[in-house]
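The block underneath contains the structure these notes are about, expressed in structure tokens.
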Amino acid sequence: MDAQIFLTDIKAKFPDVLEISGADAEKIKDKTLNLVVPAASVYELVKYLKETGFDYLMNLCATDYKINIEVIYHLYSYTTKGKVTLKVKLDREKPEVASVTPLHLGADWQEREAYDMLGVIFTGHPDFRKILLPADWEGYPLRKDYERKPDQYD
């Protein structure tokens, strides 16, 4: 599929998806589309991308920007060698987005890590429990407002 046609198709099916700044041609030049996606559209967009050949979730990570939490998905197509980066901005007070683990099993541990470190809730995750920190750990260590307290783990 032609990259420009593919981008137009995504915009038609998901009108709430925005491109990250820059000209379409520049993004398509290196076979990478960079999109900002509302949390409500993530699952359906990832499902659509998988159906159209973006069959590998390279990475899922999250970061804290003080004003919001952002979850970033990097998808890859073995067929076209193309890449799609999805960025989802979440409210710091209730960072919640649908789990893509039912679509990409590789998201399982990555979503759990984002929960442990930043408090992102992935609704619909099949095994949502801590993966890196002890079960009784309080707070989210990678948040900018996290205050480290001496405890039994020192």
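- Of all heavy-atom pairs spanning Ser99 and Gly124, the tightest one is CB-C, 4.0 Å.
- Under the 30°/60° scheme for interplanar angles, the aromatic rings of Tyr115 and Phe128 are found to be tilted.
- With Trp109 as the fixed residue, the side chain to side chain contact (heavy atoms under 4.5 Å, CB included) test singles out one of Thr101, Ile131, Leu132: Ile131.
- Less than 6.0 angstrom separates the ring centroid of Tyr56 from the ring centroid of Tyr78.
- Residue Tyr43 is not grouped with residue Met58 when hydrophobic side chains (ILVMFWY) are merged at heavy-atom distances under 4.5 angstrom, including chains of intermediate members.
- Here the shortest heavy-atom pairing between Pro95 and Gly119 reads CG-O, 3.4 Å.
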- prompt: Can you check side-chain contact (heavy atoms from CB on, under 4.5 Å) on His104 and Leu75, steps first, answer last?
  reply: CA-CA 10 Å; His104 294 282; Leu75 297 156; 3.8 Å; yes
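- By the criterion of side-chain heavy atoms lying less than 4.5 angstrom apart, applied directly or through intervening Ile, Leu, Val, Met, Phe, Trp or Tyr residues, Val84 is not grouped with Tyr76; the two fall into different hydrophobic clusters.
- No more than 12 heavy-atom neighbours from other residues, nucleotides or ligands sit within 6.0 angstrom of NZ on Lys47.
- Rounding to the nearest 0.5 angstrom, the gap separating the NZ atom in Lys87 from the CG atom in Asn34 is 7.0 Å.
- Atom NE2 of His74 is separated from atom SG of Cys61 by 6.0 Å, given to the nearest 0.5 angstrom.
- Using a 4.5 Å heavy-atom cutoff, the side chains of Lys13 and Leu45 are not in contact.
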- request: Starting from the C-alpha separation in whole Å, work towards a yes-or-no answer on side-chain contact (heavy atoms from CB on, under 4.5 Å) for Phe122 and Val97.
  value: CA-CA 5 Å; Phe122 292 91; Val97 65; 3.5 Å; yes
- prompt: Run the side-chain contact (heavy atoms from CB on, under 4.5 Å) check on Ile69 and Arg143 step by step: do they pass?
  reply: CA-CA 9 Å; Ile69 303 288; Arg143 283 204 177 192; 4.0 Å; yes
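- Side chain of Lys50 to main chain of Leu103: a donor-acceptor pair is present (N/O by atom type, distance under 3.5 Å, no hydrogens or angles).
- Considering every non-hydrogen atom in both Pro15 and Ala12, the closest pair reads CD-O, 4.0 Å.
- Taking each heavy atom of Leu90 and Ala39 in turn, the nearest pair found is CD2-CB, 3.7 Å.
- Here the closest non-hydrogen pair linking Lys130 and Arg112 is O-NH2, 3.2 Å.
- Between Thr63 and Tyr65, the closest side-chain pair of non-hydrogen atoms falls below 4.5 Å.
- Put simply, the side chain of Thr52 does not reach to within 4.5 Å of the side chain of Ile10, judged on heavy atoms.
- With no hydrogens or angles considered, a side-chain donor-acceptor pair links His125 and Asp108 at under 3.5 Å.
- Using a 4.5 Å cut-off on side-chain heavy atoms (C-beta onward), Ile72 and Asn59 make no contact.
- A chain of hydrophobic side-chain contacts below 4.5 Å, direct or via other Ile, Leu, Val, Met, Phe, Trp or Tyr residues, connects Val120 to Tyr146.
- Counting only distance, with no hydrogens or angles, the side chain of Asp116 and the backbone of Leu133 share a donor-acceptor pair below 3.5 Å.
- For the atom pair OH of Tyr73 and CG of Leu60, the computed distance is 5.0 Å after rounding to the nearest 0.5 Å.
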task: Carefully, step by step, assess Val100 and Glu111 under the rule side-chain contact (heavy atoms from CB on, under 4.5 Å).
output: CA-CA 9 Å; Val100 297; Glu111 289 179 349; 3.5 Å; yes
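- With respect to Leu86, the side chain to side chain contact (heavy atoms under 4.5 Å, CB included) criterion is satisfied by exactly one of Val36, Val42, Leu49: Leu49.
- The two residues Ser41 and Asp16 come nearest to each other via the heavy atoms OG-OD2, 2.6 Å.
- A 6.0 Å sphere centred on CD of Glu138 holds no more than 12 heavy atoms belonging to other residues, nucleotides or ligands.
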